[in-house]
Amino acid sequence: GENVEQHPSTLSVQEGDSAVIKCTYSDSASNYFPWYKQELGKRPQLIIDIRSNVGEKKDQRIAVTLNKTAKHFSLHITETQPEDSAVYFCAASESGGGADGLTFGKGTHLIIQP
Amino acid sequence: DSGVTQTPKHLITATGQRVTLRCSPRSGDLSVYWYQQSLDQGLQFLIQYYNGEERAKGNILERFSAQQFPDLHSELNLSSLELGDSALYFCASSLSTGGTEAFFGQGTRLTVV
């Protein structure tokens with residue numbers, strides 16, 4: 001089955017700086033890669049996603065890049081703000097195939113220092 | 001509010017017991033997914049139903065089972081509970097099968113004592 005590795009497990013950045021979280025996946029059949037943000041005690045919420053036919057996607061301060069050959073994808077947050085503090089999860093799945101459930105990385109605890 | 005409703009929010013039960021967690025998906029969503037979140041294992045996919053039928057299985061124990069009813073709500077049954085089953089159980093729904101945004105419910109926190 002799919003295996004998703006996520007790094008780092010904790011990331012502390014100064015407010016206003018950029019944050020980068022990286023993930024690798026193992027199953028070349030995976031073609032859908034969402035990123036979820038989870039605040040303490042709350043549900044995961046989708047912040048951005050990318051499909052394998054796209055190399056990069058941007059939404060305001062958030063961007064995701066995908067390298068299919070290397071099987072890795074990254075989340076970039078620019079101009080970080082205190083409300084960006086949360087745990088971020090990357091995930092992968094094979095859409096349209098047999099196993100549609102998301103395989104998640106272990107999460108990155110992002111801390112924005114004032 | 002994601003539109004996905006899970007009940008109960010909290011559940012405390014003893015080892016060996018059986019519990020049922022309930023999930024109502026967003027209106028119009030046909031897929032329901034169940035996930036288990038624990039500190040050591042992270043978010044783990046358990047099982048998926050699509051329009052009433054089992055679609056995919058993940059790391060679901062044999063003591064656990066699920067079903068999706070004609071009105072599309074889903075139930076996750078956990079039996080012969082062990083201390084290690086204590087976790088946050090999330091239900092998510094999406095319009096169709098994989099590759100579309102999955103919306104998570106608020107979760108059910110299960111504590112086995």
Side-chain angles (χ1 to χ4, degrees), chain A residues 1-10 21 23 25-27 29-54 57 59 62 64 66 86-109, chain B residues 1-6 9-10 23 25-26 29-51 53-60 64 66 68 74 76 87-109:
Chain A
E2 176 64 274
N3 181 48
V4 176
E5 299 281 341
Q6 182 172 349
H7 300 280
S9 57
T10 303
I21 302 170
C23 289
Y25 62 99
S26 61
D27 189 349
S30 288
N31 53 17
Y32 175 63
F33 308 93
W35 286 87
Y36 282 82
K37 175 183 180 182
Q38 187 177 27
E39 296 175 357
L40 189 63
K42 298 197 174 177
R43 61 186 171 91
Q45 289 188 273
L46 181 75
I47 55 172
I48 196 167
D49 56 13
I50 192 168
R51 298 172 203 283
S52 58
N53 58 348
V54 174
K57 184 176 179 181
D59 182 5
I62 294 173
V64 58
L66 171 65
V87 179
Y88 291 80
F89 293 94
C90 62
S93 79
E94 181 195 350
S95 68
D100 292 326
L102 294 169
T103 300
F104 283 89
K106 293 288 190 188
T108 295
H109 186 193
Chain B
D1 184 6
S2 65
V4 179
T5 304
Q6 287 188 249
K9 286 192 173 60
H10 302 278
C23 169
R26 288 190 325 153
D29 283 357
L30 299 178
S31 265
V32 170
Y33 308 79
W34 286 97
Y35 292 89
Q36 179 192 57
Q37 185 173 37
S38 59
L39 281 174
D40 56 342
Q41 294 294 325
L43 265 166
Q44 297 242 322
F45 167 63
L46 296 179
I47 197 164
Q48 178 202 2
Y49 279 81
Y50 176 73
N51 204 20
E53 294 192 3
E54 183 183 303
R55 170 83 177 183
K57 258 185 176 178
N59 300 317
I60 189 165
F64 296 0
Q68 186 179 30
S74 178
L76 179 67
L88 195 51
Y89 290 85
F90 284 107
C91 165
S93 74
S94 66
L95 185 61
S96 63
T97 56
T100 58
E101 180 176 356
F103 293 85
F104 281 74
Q106 293 287 5
T108 293
R109 182 167 294 284

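So you know, we letter chains A, B, ... as the sequences are listed, proteins then strands, and number each from 1.
- Using a 4.5 Å heavy-atom threshold, the side chains of A:Q38 and B:F90 count as touching.
- Neither the backbone nor the side chain of A:P34 comes within contact range of chain B; no heavy atom of the residue lies under 4.5 Å from a heavy atom of that chain.
- A 4.5 Å side-chain heavy-atom check between A:L102 and B:Y33 finds every atom pair outside the cut-off.
- Environment of CZ in B:R109: sparse, with no more than 12 heavy atoms of neighbouring residues, nucleotides or ligands closer than 6.0 Å.
- Note that CZ of A:F104 is 8.5 Å distant from CD of B:Q37, once rounded to the nearest 0.5 Å.
- When all heavy atoms are compared, the tightest approach of B:G105 to A:R43 is O-CB, 3.1 Å.
- Heavy atoms closer than 4.5 Å to chain B are found in the side chain of A:Y36, but not in its backbone.
- Applying the side-chain contact (heavy atoms from CB on, under 4.5 Å) criterion to A:S26, with sequence neighbours excluded, gives A:E2, A:N3.
- If you measure heavy-atom distances from B:A92 to chain A, you find no contacts under 4.5 Å at all.
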